[in-house]
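Below: the structure, in structure tokens.
Below, chains carry the letters A, B, ... as their sequence lines are ordered, and counting in each starts from 1. Please read all numbers here as calculations on a predicted model, not as lab measurements.
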2 protein chains.
Amino acid sequence: MLTAKQHELLLFINQRLDESGISPSFEEMKEALDLKSKSGVHRLIGALEERGFIRRLANRARALEVMKMPEGGNVGGNNVARFAPVKETKPQIQIPVAANDVMEIPLHGKIAAGVPIEALEGQNSLSVPMALLGAGEHYALEVSGDSMIEAGILDGDYALIRKANTARDGEIVVALVRGEEATLKYLRREGQQIRLDPANGSYEPQYYAPHEVEVQGKLAGLLRRYH
Amino acid sequence: MLTAKQHELLLFINQRLDESGISPSFEEMKEALDLKSKSGVHRLIGALEERGFIRRLANRARALEVMKMPEGGNVGGNNVARFAPVKETKPQIQIPVAANDVMEIPLHGKIAAGVPIEALEGQNSLSVPMALLGAGEHYALEVSGDSMIEAGILDGDYALIRKANTARDGEIVVALVRGEEATLKYLRREGQQIRLDPANGSYEPQYYAPHEVEVQGKLAGLLRRYH
DNA sequence: CCACTTTTGTTCTCTAATCGTTCCATTCAT
DNA sequence: ATGAATGGAACGATTAGAGAACAAAAGTGG
């Protein structure tokens, strides 16, 4: 799927994102790849984007995001005992269903209950207006608990998650902690540590080493139903 | 399903992808299959593609992707015991849920800004899965302000409103006050008065005479988008 | 809030090497 | 022979690297 250069760049971006949470600038990527011009980086970025490995905000500085990693490349930056065979790779194309601007996305179960998401992949799915999602592969989780209540995310809401391996500081992510517990939290980095912040005064922030936390996606939308 | 050569090539591609994450070039595949021309590889690739075993980006270098492996061939190369022998990772259309239907509901503008809703009926509309709505006529409003923040309704959210003239105590309604100001509030009755409760400690409940308040609908759902 | 500077991303042009595509001749096995 | 598989080579497209000028965003100081 990738050329050597593309692969090299992707690895570098992923590493930097993993370590510092800040995407490298074109200049830095240029240096990392030992190039003397940024234009090459630009083309490589374009190729990676075309292939769905990264996403970016147009005309924004340091706004890269790794969506997936190729086989063989280690995702978590370093050798984590990644218990789950992270089968995440092969992208299943999301096909817009009959109705014009609505998409069916899989509903993977509840989150915050300490269960790895992969475990409970069901057949359920949810129709979501495309306006709520961007590009990329998405899935939905039913929110359980009140740990994000101050972010306006209530028990029973449906969180729409875009698959991603990385996130920037302050984003709300689905984080798999030590391969066992998946939670929805604010992601922040403090020095060499990863901090998972709930949005509820009654709960404490939690600190982890980078290799203990795997980002499985970031919050892209929210659905709530009143009765 | 596959000829010997096709099978051999598929195995090779998968192996390389697994080991390095970089797809082999035609030249490399030629070598691997011990051919003396790339044209043969070209045909084999075409055959594999036709049968859905691989996918590729047209006219792109090293842009192969393995979709599935024939029975017997292990997909995951080395590291992990890839649990599912990946029988089909193809397009995989998602299964529609119960009420798959979608509704286009009009987007009437913002609420909470002191403007009667009717005034700004625009052309905009929003596609919403019917599962989120019940029966009845609906419309959407963009929430402006933070007066309902403690109810998990944030600035910029889209409120899905079901048209109604009445509501029960404690429901969140769109209330038109004295014919001029439309707001989203909890509705409560206290004796002969109507009480509109914000969900924000910084705001005070407001009391009105019944004839001053017209219920224009009740909150039926909520959509939020993260960027 | 504005003007100014720095950082960062975008685009274009050239050059070269790699890569994919195609067509046609040749070989091989029935 | 005849159809299928293979070989060969020319061709065009993509990938890559460099350099520079430009435009847009972010940061700074008044």
Legend entry - Contact nearer the 5' end of DNA chain D, comparing B/K5 with B/A58: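 Counting from the 5' end, the first nearest nucleotide belongs to B/K5.
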Inset, instruction - Could you check A/R60 against B/A61 and say which one's nearest nucleotide on DNA chain D is further toward the 5' end? - result: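 In this pair, the answer is B/A61.
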With [X] via salt bridge (Lys or Arg N to Asp or Glu O under 4.0 Å) - residues at least two apart:
X: A/E171; answer: A/K218
X: B/K38; answer: none
X: A/R195; answer: A/E190, A/D197
X: B/E27; answer: B/K30

Legend entry - Cationic N near anionic O, under 4.0 Å, B/R16 to B/E28: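 Yes.
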Using whole Å, what does the distance between atom [atom2] of nucleotide [N] and atom [atom1] of [X] come to?
X: B/L57; N: C/dT21; atom1: CG; atom2: C1'; answer: 16 Å
X: A/M29; N: C/dT8; atom1: CE; atom2: C1'; answer: 10 Å
X: A/M1; N: C/dC19; atom1: CE; atom2: P; answer: 17 Å
X: B/E27; N: C/dA17; atom1: CD; atom2: P; answer: 16 Å
X: A/R56; N: C/dG9; atom1: CZ; atom2: P; answer: 8 Å
X: B/E28; N: C/dT18; atom1: CD; atom2: P; answer: 12 Å

Inset, instruction - Quick one: list whatever passes ring-ring contact (aromatic ring centres under 6.0 Å, His included) with A/F26, sequence neighbours left out. - result: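 In terms of ring-ring contact (aromatic ring centres under 6.0 Å, His included), with neighbours along the sequence ignored, A/F26 is linked to A/H42.
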Legend entry - Between A/D146 and A/Y203, a side-chain donor and acceptor under 3.5 Å: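 Checked: A/D146/A/Y203 side chains pair up, N/O donor to acceptor below 3.5 Å.
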Legend entry - No-hydrogen, no-angle side-chain donor-acceptor test under 3.5 Å, A/R51 and A/Q6: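 A/R51 vs A/Q6: donor-acceptor pair found between side chains.
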With 3.5 Å as the limit, what N/O pairs link the protein to nucleotides 28-30 of chain C?
none

Going by the rule side-chain contact (heavy atoms from CB on, under 4.5 Å), which residues pair with [X] if we only count those two or more places apart in sequence or in a different chain?
X: A/Q193; answer: A/Y207
X: A/L154; answer: A/I149, A/D157, A/R224
X: A/A220; answer: A/H138, A/R162

Inset, instruction - Could you identify which residues of residues 32-50 of chain A place a heavy atom less than 4.0 Å from some atom of DNA chain C, listed by residue number, or say none? - result: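 When residues 32-50 of chain A is checked for heavy atoms under 4.0 Å from DNA chain C, the hits, listed by number, are A/K38, A/S39, A/H42.
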Inset, instruction - Apply salt bridge (Lys or Arg N to Asp or Glu O under 4.0 Å) to A/K68 and A/E137, showing your working. - result: CA-CA 10 Å; A/K68 64 183 181 190; A/E137 196 180 345; over 6 Å; no
Legend entry - Along DNA chain D, first and last positions that approach a heavy atom of chain A under 4.0 Å: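 Contact boundaries, 5' end first: D/dT15 to D/dA25.
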Inset, instruction - Evaluate the side-chain proximity of B/L223 to A/L223: yes if any heavy-atom separation is below 4.5 Å, no if none is. - result: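 A/L223 vs B/L223: side chains touch.
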Legend entry - Degree of bending in the helix from C/dC1-D/dG30 to C/dT30-D/dA1 once both end axes are built from five pairs, to 10°: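 Inter-axis angle at the ends, rounded: 40°.
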